[in-house]
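Here is the structure we will look at.
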Amino acid sequence: MSLQAAQKQNQSSPAGPSSDSSKALYGGKSTRRITVHDIAAATERGEKWPMLTAYDAMTASVFDEAGIPVMLVGDSMGNVHLGYETTVPVTMDEIAMLSAAVVRGTKRAMVVADLPFGSYQEGPVQALRNATRLIKESGVGAVKLEGGERSHEQIRLLVEAGIPVMAHIGLTPQSVNAMGYRVQGRGEEAAQQLLRDAKAVQDAGAFAVVLELVPAELAAEVTRTLHIPTVGIGAGAGTDAQVLVYTDMVGLTGGKVPRFTKQYADLRKVLGDAAKEFADEVVGGTFPAAEHTFH
Ligand SMILES: Nc1nc(=O)c2c([nH]1)NC[C@@H]1CN(c3ccc(C(=O)N[C@@H](CCC(=O)O)C(=O)O)cc3)CN21
Ligand SMILES: CC(C)C(=O)C(=O)O
Ligand SMILES: [Mg+2]
């Protein structure tokens with residue numbers, strides 16, 4: 001086990017004598033933009049950290065002011081903002097535009113952009129071309145792509161080119177047409193494959209890895225095995241970080257949300273009620289009132 005992995009295990013006492021809470025990734029005092037080095041250091045100190053998706057400058061600024069240290073411009077924008085059934089149709093143009101907005105809306109958070117389906121599957125050179133575009137044009141600090149062993153050449157070339165890469169294994173929604181939405185890594189063979197995928201992305205140079213929809217015991221084992229941080233979604237409490245799709249977390253997503261989501265607010269009701277109140281006042285003639293009127 002590496003020193004970092006050993007330090008990562010010391011998560012029962014995050015505020016040990018040598019820790020300085022002003023440096024904390026979440027709740028810390030630093031106002032400069034967070035880097036992959038800050039993320040590695042926080043994880044080594046045993047801090048657990050939060051990540052949320054964001055798809056626009058306004059929402060991103062709210063999360064930035066709340067201290068969320070890492071924001072993901074997820075291809076889940078396909079489901080929640082663009083009205084698609086899956087993430088599969090999402091394009092580079094859509095990711096590039098919304099990533100630039102999230103960067104403009106943030107001062108402190110590290111912004112990570114998903115490489116959409118079809119933008120890296122042809123091979124490392126295609127991956128580098130598209131990742132470079134997001135770094136240069138949108139200003140993100142890192143990109144994320146799906147796949148373990150199958151994507152290690154793409155990860156390696158991006159990292160060699162100086163682009164930080166977050167990997168994503170377990171359930172990889174861009175492969176929904178092949179794998180469906182099922183818990184991954186169940187059974188000995190599938191668990192061994194997930195461990196091989198985790199090691200492959202770490203060896204290729206990924207700075208972190210998302211573990212989506214895997215049994216908690218396996219996610220904890222991957223977390224103990226790797227020295228890079230693991231970011232769980234539907235992977236139990238044993239990962240170094242947690243990510244949620246923000247619209248699920250605030251109750252905005254219409255229809256069914258995954259069971260691993262926790263809803264912390266009911267913005268669908270808040271927005272709907274505000275729209276109804278506005279509409280009622282227009283119909284009833286009480287809006288606009290004198291203070292909203294010019295003469
Ligand atoms: N709104 C939203 N939230 C997400 O978390 C999310 C997206 N969209 N789009 C991209 C991917 C797709 N994700 C999904 C989609 C479906 C399930 C799902 O149906 N899960 C079942 C459990 C499946 C099982 O038991 O094997 C569930 O009931 O939660 C999970 C994650 C996660 N991501
Ligand atoms: C759920 C997270 C990890 C994601 O990839 C997305 O939001 O697209
Ligand atoms: Mg995604």
Side-chain angles (χ1 to χ4, degrees), residues 1-21 23-26 28 30 34-51 69-70 72 109-110 112 131 141-172 184-185 190-243:
M1 185 189 295
S2 69
L3 176 60
Q4 286 158 318
Q7 285 167 322
K8 262 178 54 168
Q9 282 198 312
N10 186 30
Q11 289 182 347
S12 54
S13 56
S18 64
S19 76
D20 175 358
S21 65
K23 286 199 291 187
L25 209 52
Y26 170 68
S30 163
I34 286 163
T35 67
V36 290
H37 302 287
D38 299 321
I39 291 168
T43 304
E44 282 167 37
R45 290 193 299 269
E47 288 174 38
K48 291 197 176 200
W49 48 272
M51 175 163 109
V70 188
L72 173 67
M110 172 157 125
V112 183
V143 300
K144 180 164 79 57
L145 55 79
E146 295 182 4
E149 285 187 319
R150 71 176 194 263
S151 297
H152 86 273
E153 288 180 9
Q154 280 89 332
I155 296 171
R156 187 175 296 282
L157 186 64
L158 268 51
V159 172
E160 281 172 359
I163 299 174
V165 176
M166 181 178 283
H168 181 160
I169 62 175
L171 176 72
T172 50
Q184 301 294 306
Q192 290 307 322
Q193 181 61 52
L194 191 87
L195 278 160
R196 280 198 299 276
D197 284 334
K199 287 179 192 144
V201 302
Q202 172 172 280
D203 290 347
F207 76 92
V209 57
V210 169
L211 306 179
E212 179 163 350
L213 211 61
V214 299
E217 300 74 19
L218 179 58
E221 186 182 351
V222 171
T223 302
R224 285 192 300 271
T225 304
L226 298 189
H227 64 259
I228 60 172
T230 57
V231 185
I233 176 164
T239 55
D240 297 300
Q242 296 286 333
V243 59

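Quantities reported herein were computed from a predicted structural model and do not represent experimental measurements.
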Subject >> Residue list, side-chain hydrogen bond (donor to acceptor under 3.5 Å, both in side chains) with E160, at least two apart or on another chain >> reply: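 Residues passing side-chain hydrogen bond (donor to acceptor under 3.5 Å, both in side chains) with E160: none at all.
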**OP:** Would you please name every residue forming a side chain to side chain contact (heavy atoms under 4.5 Å, CB included) with P215, sequence neighbours left out?
**Re:** V183, R186, E217, L218
**OP:** Take I233 and L213, measure what side-chain contact (heavy atoms from CB on, under 4.5 Å) needs, and give me the verdict at the end.
**Re:** CA-CA 6 Å; I233 176 164; L213 211 61; over 6 Å; no
Original post:
Does a side chain donor of either Q193 or E149 reach within less than 3.5 Å of an acceptor in the other side chain?
Top reply: yes
Subject >> Spatial distance of atom CD (Q184) from atom CG (L194) [nearest 0.5 Å] >> reply: 8.5 Å
Subject >> Separation of H152 NE2 from Q154 CD (nearest 0.5 Å) >> reply: 9.0 Å
**OP:** Check step by step if side-chain contact (heavy atoms from CB on, under 4.5 Å) holds for F207 and M166.
**Re:** CA-CA 6 Å; F207 76 92; M166 181 178 283; 3.9 Å; yes
Any heavy-atom pair between the side chains of [Y] and [X] that's under 4.5 Å?
X: M110; Y: V36; value: yes
X: V214; Y: V222; value: no
X: K23; Y: R45; value: yes
X: V209; Y: Q202; value: no
X: I39; Y: P229; value: yes

Would you find a donor on one side and an acceptor on the other, under 3.5 Å apart, between the side chain of [X] and the backbone of [Y]?
X: D240; Y: K48; result: no
X: Q242; Y: M51; result: no
X: R196; Y: G148; result: no
X: D38; Y: T35; result: yes
X: E47; Y: L25; result: yes

Subject >> Worked verdict on E212 versus T172 for side-chain contact (heavy atoms from CB on, under 4.5 Å) >> reply: CA-CA 7 Å; E212 179 163 350; T172 50; over 6 Å; no
Subject >> Passing candidate, side chain to side chain contact (heavy atoms under 4.5 Å, CB included) with L211, options D197, L226, T239 >> reply: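 So the option named by the test is T239.
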Nearest heavy atoms of [X] and [Y], plus distance in Å:
X: A167; Y: A206; answer: CB-CB, 4.1 Å
X: A131; Y: L158; answer: CB-CD2, 3.7 Å
X: S151; Y: L145; answer: CB-CD1, 3.6 Å
X: E221; Y: L195; answer: OE2-CD1, 3.6 Å
X: A208; Y: V231; answer: CB-CG2, 4.5 Å
X: A219; Y: A235; answer: CB-O, 3.2 Å

Subject >> Full working for side-chain contact (heavy atoms from CB on, under 4.5 Å) between R150 and E146 >> reply: CA-CA 9 Å; R150 71 176 194 263; E146 295 182 4; 4.2 Å; yes
